[in-house]
Amino acid sequence: MNNSDSRINPRQLGTPRGSYAAVPTSGDRKNLNKPTRGRKKSIFEAYMSKEDVSAGLKRGELIQGPLRINPKKYHEAFIPSPDGTRDIFIDGVVARNRALNGDIVVVKLLPRDQWKVIKPDGSDKETEVTHESDVSEDMLGTCIPQETAKGDAQSPDVIIEAQFDDNDAEHGQDHLQDILTDDIKKLSLDTGEKDDGPKVSDPRLLQDEFLQRTAKVVYILEKKHSRAATGFIKLLADRNSELFKRCAMFSPMDHRVPRVYVPLADCPPDFVTKPETYSQMLFICRIVDWKEDSNFASGYLCKSLGQAGEIEPESEGILTEYGVDFSDFSPEVLECLPQNLPWVISPEELAKRRDLRKECIFTIDPSTARDLDDALSCKQLPDGNLEVGVHIADVSYFVLEETALDKVASERATSVYLVQKVIPMLPRLLCEELCSLNPMRDRLTFSVMWKLTPEGKILDEWFGRTVICSCVKLSYDHAQSMIDSPGKVLSPEELPPVSPQHSIAEIQEAVLNLHRVAQNLRKQRFTEGALHLDQMKLSFTLDQESGMPQGCYIYQYRDSNKLVEEFMLLANMAVAHQIYRSFPEQAFLRRHPPPQTKLLKDLMDFCNQVGLNIDFSSAGTLHKSLSETFGADQYSRARKEVLTYMFSRPMQMALYFCTGVLEDETLFQHYALNVPFYTHFTSPIRRYADIIVHRLLSASLGARSPIMMEKEAIQKQADHCNDRKMASKRVQELSADLFFSIFVRECGPLESEAMVMGVLSKAFDVLVLKFGVQKRIYCNALPLVDFRFQKAGKKPELTLLWQPEELEEESVPQVITIFTLVEVVLTADGGPLKYSALLKRTEWGYVSPGGERGRLHHPRWDGDAVGCI
């Protein structure tokens with residue numbers, strides 16, 4: 001599309017007559033400037049100067065932070081309070097002053113009489129937290145389905161299988177839906193219409209505990225948002241206006257992004273005469289400006305994506321919105337790769353490395369994986385101890401500093417995993433061939449090796465550059481079958497090809513020894529205070545030809561996953577200590593701050609009100625409480641799943657950082673792992689952070705000169721890695737949402753048991769147990785005679801009175817409260833990707849929080865595969 005010649009002068013763009021503009025909220029109205037004669041009324045305040053902002057921040061008169069906009073209520077936005085207390089509320093589009101979600105903004109607090117009054121019972125807490133997916137990965141303990149679209153052509157279907165990710169081992173991947181949170185409202189037990197709060201409405205007369213500070217944006221420090229959006233184009237309403245002849249209106253699907261004037265020249269040639277043809281056509285728009293006197297931004301159309309609701313157009317839109325570079329690698333980058341193929345390791349390089357090619361070393365990954373970062377070894381020693389090795393692809397050998405390849409890898413910072421494909425950080429020649437630890441191929445590696453007792457006590461440790469030759473590519477299923485049946489002798493037909501240098505029995509013994517040590521390491525970690533929040537992760541089976549979802553299931557995290565997890569964690573911790581000892585000012589580590597104080601307190605109050613004895617004093621006590629509070633019956637497991645989602649809310653994100661920029665070493669702490677030092681070393685094929693760590697480790701061993709980057713430059717790269725990791729995580733979540741929406745559309749309606757997470761006055765929220773998704777069920781969408789909201793003590797309850805199926809029958813009551821088990825039906829509705837949850841008519845009425853209930857109509861939800869029939 002032409003995006004240069006037809007740019008608009010935004011100064012000429014006002015609000016066209018007949019076109020819908022954002023309606024000012026109460027906060028907006030307070031900030032609207034009075035119209036002045038002779039010039040156009042300003043809608044937004046002019047930004048402060050850089051000098052005034054800098055001075056105001058130094059004096060403490062201004063506050064900076066990342067802006068979060070509620071996607072369910074786009075007029076509500078927040079930034080974190082620097083002291084960890086209640087978030088600062090930004091009420092309305094005008095107060096937000098043209099900043100977009102994720103931007104780093106500077107705000108000025110409004111006078112106290114404009115602060116928001118909060119009921120002490122928390123009924124307004126819906127507006128408090130608006131993290132899209134800010135649950136710390138470092139808490140969560142399932143695996144990401146990292147290796148997507150890596151199917152075998154012989155297989156009729158591609159099974160998208162979860163692959164261990166040490167990044168997830170410290171945490172895992174939370175599969176939070178785009179609930180944006182109403183989160184604390186879900187935790188609040190007092191959400192009724194009855195006002196138990198202070199009767200005084202003047203904020204100046206209230207104590208701080210009843211108030212939420214409000215602010216307005218006065219400056220955008222950094223535009224983190226990509227300024228790209230996916231949406232639809234429409235003609236302007238006023239056909240007689242001058243604007244109608246020049247512009248169309250772009251309406252983004254994400255309501256947090258403003259509508260945008262785009263040149264008609266960017267639109268399809270017949271758009272003006274046949275606008276209905278394009279009503280469901282997705283476009284990508286990029287915002288270039290948003291002036292003070294306009295309700296709308298101005299921009300240009302980049303591309304027509306295709307029909308809404310189709311996988312590839314929707315996926316491309318997600319990638320573009322989150323700034324993911326999915327273009328082909330340039331010739332300049334490809335020239336940095338070895339040109340003489342097949343590539344072989346030179347004798348000179350072999351001489352510099354410890355030769356482990358005759359050792360029994362193997363990989364354990366999803367069966368569909370192609371980029372094999374890590375391999376394991378375990379050898380029995382004569383003294384009864386074990387020599388255990390973690391061998392990681394030596395990507396830094398190929399990615400040299402200051403090259404075009406290094407530049408693009410640092411910019412991409414991470415591979416991005418969609419359900420159906422991966423956007424690689426590095427060219428596929430490296431990802432899938434030269435760096436991938438493929439079986440029976442000599443490969444360059446960085447190894448950490450330990451002498452361990454069978455109980456997992458470290459007796460000796462060694463780091464070094466090595467060369468290996470993996471003897472077999474095991475899947476998690478292969479390793480799990482060895483663990484499940486330790487006495488069974490596997491036949492060659494039950495395994496992938498095995499190197500003739502090693503027997504199946506030798507490999508099996510190594511896997512079992514690793515499993516036993518991993519069990520001890522894991523037990524010791526949790527004894528010493530680690531936390532593991534194991535959220536449900538939805539995986540998909542795809543049709544090999546169409547790519548459409550055929551089925552879905554909750555991925556089961558098993559002992560084979562845990563085996564790999566423990567040794568990746570051990571290697572990451574060992575390398576963190578090594579590089580920090582060697583380079584205390586330049587070490588590239590990963591820290592995990594403790595939970596947000598205010599949100600943790602809300603969660604503690606909630607648990608007290610529902611009678612749950614949870615110890616929140618540390619990560620370890622929280623894990624112990626979660627592990628010991630619940631039984632193994634179906635109701636208890638469901639309640640644990642709900643609480644795991646709730647407990648993830650106060651958790652902060654883990655962050656890469658340079659040790660030289662943080663003076664206080666206690667800030668290096670990793671809360672979830674409960675360790676003083678941690679880093680990422682084990683996935684350099686798909687994370688640039690690991691490449692930096694490899695360079696630091698190599699320098700610490702004298703294998704190369706120290707890296708030349710100053711600590712400020714390292715921190716800048718760490719910040720970029722954090723940003724791209726968050727974007728990648730969000731893209732992955734949205735991709736899963738997309739595929740599940742399509743699955744509901746193509747294979748629904750879907751039935752499942754669900755557990756109530758929160759009760760409101762006219763709706764309630766549930767966790768759908770078969771699929772791990774959260775949905776809100778509205779009373780007015782159900783065939784009810786009536787419904788009543790009340791509080792039983794402090795607990796909210798909704799009593800639903802169902803319409804009788806026969807005229808002479810009485811209404812059937814059903815009581816909904818926190819932790820009620822219900823049955824729901826997911827049904828496609830409205831737009832191409834929308835689906836709703838409806839409560840299934842009950843025959844049994846009341847279900848107590850203790851789990852007593854009538855018969856279950858639904859099969860088990862833990863791991864059942866669901867498919868189109």
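For this chain, numbers begin at 1 and follow the sequence in order.
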> Do the two ring centres, one from Phe647 and one from Phe616, sit under 6.0 Å apart?
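Yes; Phe616 has its ring centre under 6.0 Å from that of Phe647.
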> Would Phe250 and Arg259 count as a side chain to side chain contact (heavy atoms under 4.5 Å, CB included) here? Give the steps.
CA-CA 6 Å; Phe250 173 83; Arg259 281 172 294 165; over 6 Å; no
> Do Asp406 and Thr403 meet the criterion of a side-chain donor-acceptor pair at a distance under 3.5 Å?
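Absent: no donor and acceptor within the cut-off.
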> Are Lys291 and Asp289 ion-paired here, with the side-chain N under 4.0 Å from a carboxylate O?
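Between Asp289 and Lys291 there is a salt bridge, with a charged N closer than 4.0 Å to a carboxylate O.
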> Please check if any side-chain donor atom of Tyr656 sits under 3.5 Å from a side-chain acceptor atom of His680, or the reverse.
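Result is yes, a qualifying pair exists.
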> Would you check if the distance from the ring center of Phe89 to the ring center of Trp115 is below 6.0 Å?
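They do not qualify: ring centres at least 6.0 Å apart.
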> Side chains of Asp254 and Tyr74 only: does a donor on one sit below 3.5 Å from an acceptor on the other?
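Side chains of Asp254 and Tyr74: no pair found under 3.5 Å.
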> Is any side-chain heavy atom of His592 closer than 4.5 Å to one of Gln669?
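They are not in contact (no side-chain heavy atoms under 4.5 Å apart), so the answer is no.
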> Considering only NZ, NE, NH1 and NH2 on the basic side and carboxylate oxygens on the acidic side, decide whether Lys716 and Glu712 come within less than 4.0 Å.
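Not counted as a salt bridge, because no side-chain N and carboxylate O are separated by less than 4.0 Å.
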> Is a salt bridge present between Glu242 and Arg246, judged by a nitrogen-to-oxygen distance below 4.0 Å?
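So Glu242 does not pair with Arg246 through a salt bridge.
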> Should Leu62 and Met48 count as side-chain neighbours, where that means a heavy-atom distance under 4.5 Å?
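Leu62 reaches Met48 side chain to side chain.
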> Would Arg590 count as a cation-pi partner of Phe677, with NZ or CZ less than 6.0 Å from the six-membered ring centre and within 45° of the ring normal?
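Judged by the rule, Arg590 and Phe677 form no cation-pi pair.
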> Under 4.0 Å between a side-chain nitrogen and a carboxylate oxygen: does that hold for Arg687 and Asp690?
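Counted as a salt bridge, because a side-chain N and a carboxylate O are separated by less than 4.0 Å.
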> Do Phe296 and Pro258 have side chains that get closer than 4.5 Å, going by heavy atoms?
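No, too far: nothing below the 4.5 Å cut-off.
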> Is it true that Tyr580 and Glu665 share a donor-acceptor pair across their side chains at a distance under 3.5 Å?
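The criterion, which ignores hydrogens and geometry beyond distance, is satisfied for Tyr580 and Glu665.
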> Examine the side chains of Arg213 and Ser81 and answer whether a donor and an acceptor come within less than 3.5 Å of each other.
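Yes, a side-chain donor-acceptor pair sits under 3.5 Å.
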> Taking Lys108 first and then Glu61, would you say they form a salt bridge - that is, a charged N and a carboxylate O separated by under 4.0 Å?
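Result for this pair is no, no salt bridge flagged.
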> Between Gln114 and Asp91, is any side-chain donor less than 3.5 angstrom from a side-chain acceptor?
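There is no such pair between these side chains.
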> Can you tell me how far apart OG1 (Thr85) and NZ (Lys598) are? Round to the nearest 0.5 Å.
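These two atoms lie 9.0 Å from each other.
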> Do NZ/NE/NH1/NH2 and the carboxylate oxygens of Arg412 and Asp325 come within less than 4.0 Å?
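Judged by the 4.0 Å cut-off on N to carboxylate O distance, Arg412 and Asp325 do form a salt bridge.
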> Taking the six-membered ring for Trp, is the centroid-to-centroid distance between Phe657 and Phe588 below 6.0 Å?
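For Phe657 and Phe588, the ring centres are not under 6.0 Å apart.
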> Measure the spacing between OG of Ser54 and CZ of Arg59 and express it to the nearest 0.5 Å.
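So the OG of Ser54 and the CZ of Arg59 are separated by 9.5 Å.
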> Applying side-chain contact (heavy atoms from CB on, under 4.5 Å), can you list everything that pairs with Glu314, at least two apart in sequence or on another chain?
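With sequence neighbours excluded, Glu314 shows a side-chain contact (heavy atoms from CB on, under 4.5 Å) to Met253, Leu282, Ala308, Leu738, Leu833, given in chain and number order.
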> If the condition is side-chain contact (heavy atoms from CB on, under 4.5 Å), which residues does Thr320 pass it with, not counting sequence neighbours?
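Only Ala228, Ile284, Arg286, Glu316, Phe326 meet the side-chain contact (heavy atoms from CB on, under 4.5 Å) criterion with Thr320.
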> Any side-chain heavy-atom pair from Asp103 and Arg227 closer than 4.5 angstrom?
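SC-SC contact between Asp103 and Arg227 confirmed.
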> Is any side-chain heavy atom of Gln652 less than 4.5 Å from a side-chain heavy atom of Pro595?
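Result no, sub-4.5 Å side-chain heavy-atom pair not found.
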